[in-house]
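Shown next, in structure tokens, is the structure this report addresses.
First the proteins, then the strands, lettered A, B, ... as listed; each starts at 1. Note that the coordinates shown come from a computational prediction; the quantities given were computed from them, not determined experimentally.
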There are 2 protein chains.
Amino acid sequence: MKILSNGSAYGLRALLYLAAKGDTREFVSIGEISEQLDISFHFLTKVLQSLSQKDILVSYRGPNGGVALARAPETIRLSEVVLILEGEDYFEKCLLGLPGCGDQAPCPMHYRWKHWKASIRSEFESTTLADLKEPELLKHLRWAT
Amino acid sequence: MKILSNGSAYGLRALLYLAAKGDTREFVSIGEISEQLDISFHFLTKVLQSLSQKDILVSYRGPNGGVALARAPETIRLSEVVLILEGEDYFEKCLLGLPGCGDQAPCPMHYRWKHWKASIRSEFESTTLADLKEPELLKHLRWAT
DNA sequence: TTGTTTTAAGATTTAATAGTCTGAAAACTG
DNA sequence: CAGTTTTCAGACTATTAAATCTTAAAACAA
Ligand code: SF4
Ligand code: SF4
């Protein structure tokens with residue numbers, strides 16, 4: 001049961017790493033992040049690029065360059081990130097991946113599915129990076145986020 | 001947000017179709033199922049084969065052959081089917097797809113994730129084919145399950 | 001200016017999922 | 001028996017996701 005692609009997971013981990021570095025609004029190189037989190041540098045670069053294009057990150061080239069959160073962690077919702085990385089239709093997709101149905105034509109799983117999805121969606125929408133960056137938990141970021 | 005592969009979704013739809021056909025323990029050809037549910041015949045055949053090997057379906061070759069539920073719908077839990085089609089580690093997998101962590105080394109998402117997963121898992125484990133086969137809902141099986 | 005560090009952009013390769021096809025083997029029909 | 005219908009087994013192809021590689025562009029440093 002995997003609800004996020006690798007790319008989204010990498011993106012979230014990187015954002016949490018940045019949030020954990022504290023409020024110093026310095027740029028952190030993607031090299032450092034990829035090394036600390038043990039993620040392929042090139043792949044992570046691509047993922048973070050799409051976050052840079054969407055006002056989640058700002059980036060800066062050259063020595064001492066890197067990426068930084070574009071906004072305060074309190075204002076970056078997990079749902080935003082996921083919608084960018086998984087596609088805007090992320091929460092529209094069905095349990096069974098089928099189009100053309102819904103409340104008017106519910107399948108046997110419909111109401112259960114709808115309930116689960118709403119619950120997860122609401123958590124994603126109400127949780128920000130700041131909510132997740134307790135230092136205690138972030139110790140395990142390498143393996144765990 | 002898709003939590004099942006196409007193959008699993010097809011397998012579940014086919015099982016619900018069989019359950020909906022009623023208690024007549026006749027064999028239903030895969031051709032009929034694939035046609036009614038608009039699923040590739042050959043692909044569905046492969047999916048149903050793995051269910052036949054695991055005591056979910058029984059199959060019979062030749063004219064008037066096909067597949068039938070191996071047990072009463074009341075005894076076939078969704079979790080069984082999903083574990084067969086997605087792999088036994090389905091409920092072990094993490095939100096972020098990472099190994100080597102858990103309660104001892106929780107990541108920032110761990111407890112939320114654990115809660116969601118437990119809820120969905122428990123629904124899959126406590127729901128049987130019989131619970132889903134209300135005729136009202138099964139009208140829409142073609143598009144909707 | 002020349003060289004170094006870093007992100008940007010996109011082509012390319014690899015791996016996993018999804019789907020197709022072929023040739024059997026089992027069971028029936030006449 | 002020969003011919004038909006069906007599942008079985010596995011090779012094959014296609015599509016998508018994941019990861020890698022290459023070249024450029026921006027920024028700095030000496
Ligand atoms: S009816 Fe609901 S659960 Fe069923 S396939 Fe459609 S959207 Fe999904
Ligand atoms: S700590 Fe929990 S949520 Fe985080 S990566 Fe590990 S299993 Fe997943």
Between Pro63(A) and Phe41(A), which residue's closest nucleotide on DNA chain D lies nearer the 5′ terminus? Phe41(A)
Can you find a donor-acceptor pair, distance only, under 3.5 Å between Lys46(A) side chain and dG10(C) base? no
Length of the line joining Ile33(B):CD1 and dT6(D):C1', which is rounded to integer Å: 13 Å
What orientation do Phe27(A) and Tyr60(A) show, parallel under 30°, tilted 30 to 60°, or perpendicular over 60°? parallel
So Ile30(A), base contact, sugar-phosphate only, or nothing? Heavy-atom distance under 4.0 Å. sugar-phosphate
Provide, to the nearest angstrom, the distance between the CD atom belonging to Glu86(B) and the C1' atom belonging to dT17(C). 11 Å
Distance flag, aromatic centroids of Phe124(B) and Trp116(A), threshold under 6.0 Å: yes
Compare side-chain N and O positions of Thr45(A) against OP1 and OP2 of dA8(C) and report whether any pair is under 4.0 Å apart. no
Just checking, is any N or O donor in the side chain of Arg112(A) or Thr127(B) under 3.5 Å from an acceptor N or O on the other one? yes
Counting only side-chain N and O atoms of Tyr10(B), is one of them less than 4.0 Å from OP1 or OP2 of dG19(C)? yes
Closest to side chain of His42(A), choosing from dA9(C), dG19(C), dT22(D): dT22(D)
Please state how far atom CG in Leu44(B) lies from atom P in dT6(D), giving the value in whole angstrom units. 15 Å
Do any side-chain nitrogens or oxygens of Asn64(A) fall under 4.0 Å of OP1 or OP2 in dT6(C)? no
Could you give the CD-to-P distance, from Glu32(A) to dT5(C), as a whole number of Å? 16 Å
Using the rule ring pair (Phe, Tyr, Trp, His ring centres under 6.0 Å), only one of Tyr17(B), Phe41(B), Phe43(B) pairs with Tyr10(B); which is it? Phe43(B)
Within the pair Tyr60(B) and dC28(C), is there a side-chain N or O less than 4.0 Å away from OP1 or OP2? yes
Atom pair distance, as rounded to whole Å: CD in Glu26(B) and C1' in dT6(D): 16 Å
Let me know, please, whether Gly65(A) or Ser5(B) comes out on the 5' side of the other along DNA chain C by nearest nucleotide. Gly65(A)
According to a strict under-4.0 Å criterion, is Ser40(A) in side-chain N/O contact with OP1 or OP2 of dA18(D)? no
Could you state the CD-P distance from Gln49(A) to dT6(C), rounded to the nearest angstrom? 16 Å
Distance below 4.0 Å between Gln53(B) side-chain N/O and dA9(D) OP1 or OP2: yes
What integer distance in Å separates Leu48(A):CG from dT6(C):P? 15 Å
Looking only at N and O atoms, is any donor in the side chain of Arg61(A) or the base of dT6(C) less than 3.5 Å from an acceptor on the other one? no
Can you tell me if Ser8(B) and Glu86(B) form a side-chain donor-acceptor pair at under 3.5 Å? yes
Distance in angstrom units between Phe43(A) CZ and dT14(C) P, rounded: 17 Å
